[in-house]
Amino acid sequence: MISEEGNYLNDGTHTLILNASGDWEGVSDELKGIFQLVLRQQASFGQLGAQIMNKINEIKHSKTGGRKYMELTGAFW
């Protein structure tokens, strides 16, 4: 990561900024599927978005995961 002055922070982190609402030209189908999830749409591109959605549904419908999921999504949205 680079500070405002252009110096490297040397903290070992990487920041990736993606615009799900932007132009998807040149974006892989896997990333498009993830963008769809971010935009609260059904993932229809690639396999990764669908796999993530399936895992979320599995957690939502589990006894312990369901309650925690509702707490987290309520706080997030």
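The analysis underlying the following values was restricted to heavy atoms, covering all of them including side chains, and did not include hydrogens, waters or symmetry mates.
In this pair, Trp24 and Phe45 present their aromatic rings perpendicular. The plane angle is above 60°, beyond the 30 to 60° band.
Note that CG of Asp29 and OG of Ser44 are 9.0 Å apart. Values are rounded to the nearest 0.5 Å. Once rounded to the nearest 0.5 Å, the distance linking CD1 of Ile34 with CD1 of Ile52 reads 4.5 Å. Atoms CG and CG, on Leu31 and Leu18 in that order, are 5.5 Å from each other to the nearest 0.5 Å.
Nearest heavy atoms, Gly33 versus Ala43: O-CB, 3.8 Å. Across every non-hydrogen atom of Leu39 and Ala20, the tightest pair is CD1-O, 3.6 Å.
The backbone N or O of Gly49 lies less than 3.5 Å from no partner atom in the side chain of Glu30, so there is not a single donor-acceptor pair.
Taking a 6.0 Å sphere around CD of Gln41, one finds it holds more than 12 heavy atoms contributed by other residues, nucleotides or ligands.
Just one of Lys60, Lys55, His61 meets the side chain to side chain contact (heavy atoms under 4.5 Å, CB included) condition when paired with Glu58; it is Lys55.
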